[in-house]
Amino acid sequence: MKLLAIDSSGLVASVALLDDDILVGEYAIHNKKTHSQTLLPMIADMLEMAEIDKNELDAIAVSAGPGSFTGLRIGAATAKGLAQGLDIPIVPVSSLEGLAYNLQGATDPVCPIMDARRGQVYSGMYDVGSTLPVALYEDGARPIEEVIEQVKTIGKPVTFVGDGVPVFKDRLIDALGLISDDGSVTFGNDAVRYQRASSVAMLGKLYLADGREVAAHEFVPRYLRATQAERERKNK
């Protein structure tokens, strides 16, 4: 089973290729280029290096949101175009679950936070100690203060990942304690902090086996809140 994974939900554009139980390749770029410039060339280069024709793909796993509205649309359009052309299904994977899965096997809960601007984050809380992430709180777009209160109720150290970490790190440390053996907050290092398509691929494989795939024409991103244009139109 050959599965292509795509994550363009945040600042990092990432693609990965899974062949049964082997991660054949992963490509990530974190710079100022737009995802529309990077995704298709990355996919083409990775397939060529892996010597796998796109017609051999069995499914496409894609980060379904929440995240950047533009990034999610680009990822969705790329996945839908490829999946429709190849007549294969799409496996939607939560962006937050994918981030949390970067630390799969960790004993402490993982809290992915993605900067949603205006003092808010897209966040969740997961137990990643077993095969699949277990949500401890419902995913949502919420003020960082609400995330802090959620962490306080957990009663054990929590590890933060996501592009919201650089934005809110000082506030989290001030509110929850410095990083220490008995502290209540730690931060994933740069290798696991940002989106990785390999995590989307691993979860996509598990979800595909669980029957969570959808037809290409049925897939839509999960934004969690209205776009700025929608909010402005509503306020008029």
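Bear in mind the structure is a predicted one, so any value in this text is a computation, not a measurement.
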Discussion item. Checking Phe160 against Leu176 for the side-chain contact (heavy atoms from CB on, under 4.5 Å) test, could you report, in this order, the C-alpha distance in whole Å, the side-chain angles of both residues, the deciding distance, and whether it holds?
Written reply: CA-CA 12 Å; Phe160 287 90; Leu176 299 169; 4.1 Å; yes
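- Side-chain N or O atoms of Lys2 include none that pairs as donor or acceptor with a backbone N or O of Glu56 at under 3.5 Å.
- Judged by a 6.0 Å distance limit and a 45° cone about the ring axis, Lys169 is positioned over the six-membered ring of Phe187.
- Considering Ser94, Ser199, Ser198, Pro112 as possible partners of Tyr101, the one that fulfils the side-chain contact (heavy atoms from CB on, under 4.5 Å) test is Ser199.
- Within the model, atoms CG of Leu23 and CZ of Arg196 stand 8.0 Å from one another, a figure rounded to the nearest 0.5 Å.
- Using a distance-only test at 3.5 Å, with no hydrogens or angles considered, a donor-acceptor pair links the side chain of Gln37 to the main chain of Thr34.
- Of all heavy-atom pairs between Pro66 and Ser9, the closest is O-CB, 3.9 Å.
- Residues Met114 and Leu99 form a side-chain contact, since some pair of their non-hydrogen atoms from C-beta on lies under 4.5 Å apart.
- Here the shortest heavy-atom pairing between Ile60 and Ala79 reads CD1-O, 3.8 Å.
- Nearest heavy-atom pair, Lys54 versus Leu86, reported as atom, atom and distance to 0.1 Å: O-CD1, 3.4 Å.
- Between the side chain of Ser63 and the main chain of Ser8, no donor-acceptor pair closer than 3.5 Å is present.
- In this structure, Pro157 and Asp108 approach most closely via the heavy-atom pair O-CB, 3.3 Å.
- Side-chain contact between Met125 and Val151: present, with at least one pair of heavy atoms (C-beta onward) separated by less than 4.5 Å.
- Under the 4.5 Å side-chain heavy-atom criterion for ILVMFWY residues, no single connected hydrophobic cluster contains both Met49 and Ile22.
- Side chains of Met202 and Gln104 form no contact here, defined as non-hydrogen atoms less than 4.5 Å apart.
- Looking only at distances, a side-chain donor or acceptor of Ser14 sits under 3.5 Å from a matching main-chain atom of Ala197.
- Remark: Glu218 CD to Ile90 CD1 distance equals 10.0 Å, nearest 0.5 Å.
- Rounded to the nearest 0.5 angstrom, Gln120 CD and Glu145 CD are separated by 9.5 Å.
- In this structure, the side chain of His30 does not engage the main chain of Tyr194 through any donor-acceptor pair within 3.5 Å.
- Atom CG of Asn189 has more than 12 heavy atoms from other residues, nucleotides or ligands within 6.0 Å.
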Worksheet item: Does the pair Ile113 and Val167 meet the rule for a side-chain contact (heavy atoms from CB on, under 4.5 Å), with working shown?
Response: CA-CA 10 Å; Ile113 53 173; Val167 179; over 6 Å; no
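- For Asp87, the CG atom counts as loosely surrounded, since its 6.0 Å shell holds 12 or fewer non-hydrogen atoms of other residues, nucleotides or ligands.
- One N or O on the side chain of Asp20 and one on the backbone of Met1 form a donor-acceptor pair closer than 3.5 Å.
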Practice prompt. Apply side-chain contact (heavy atoms from CB on, under 4.5 Å) to Leu39 and Val15, showing your working.
Written response: CA-CA 7 Å; Leu39 279 184; Val15 297; 3.9 Å; yes
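- The shortest distance between side-chain heavy atoms of Leu82 and Leu4 falls below 4.5 Å.
- Grouping the Ile, Leu, Val, Met, Phe, Trp and Tyr side chains by contacts below 4.5 angstrom, directly or via other members, places Leu206 apart from Leu17.
- Asp139 has a carboxylate O that lies under 4.0 Å from a charged side-chain N of Arg222, or vice versa, which qualifies the two as a salt bridge.
- Taken to the nearest 0.5 Å, the OG1 atom of Thr38 stands 6.5 Å off from the NE2 atom of His35.
- Under the 4.5 Å side-chain criterion, counting only non-hydrogen atoms from C-beta, Leu172 is in contact with Ile144.
- Listed here is the closest heavy atom pair of Pro92 and Val214: CG-CG2, 4.1 Å.
- Taking 4.5 Å as the limit, some side-chain heavy atom of Pro133 sits within range of a side-chain heavy atom of Leu203.
- There is no path of hydrophobic side-chain contacts, each under 4.5 Å, that joins Met42 to Val12.
- Taking every heavy atom of both residues into account, Val128 and Leu103 meet most closely at CG2-O, 3.3 Å.
- By the criterion of side-chain heavy atoms lying less than 4.5 angstrom apart, applied directly or through intervening Ile, Leu, Val, Met, Phe, Trp or Tyr residues, Ile52 is not grouped with Leu18; the two fall into different hydrophobic clusters.
- Note on Val91 and Leu132: same hydrophobic cluster, where clusters join Ile, Leu, Val, Met, Phe, Trp and Tyr whose side-chain heavy atoms are under 4.5 Å apart, directly or indirectly.
- Taking 4.5 Å as the limit, some side-chain heavy atom of Tyr223 sits within range of a side-chain heavy atom of Arg73.
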Fill in: Chi angles and distances behind the salt bridge (charged side-chain N to carboxylate O under 4.0 Å, His left out) call for Arg193, Asp190
CA-CA 5 Å; Arg193 178 173 297 169; Asp190 289 349; 3.4 Å; yes
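- Side-chain contact between Asp115 and Tyr122 is absent, with no heavy atoms from C-beta onward closer than 4.5 Å.
- Annotation: the span from Asp19 atom CG to Leu57 atom CG amounts to 10.0 Å, rounded to 0.5 Å.
- In this structure, Leu3 CG and Ile88 CD1 are separated by 8.0 Å, a value rounded to the nearest 0.5 Å.
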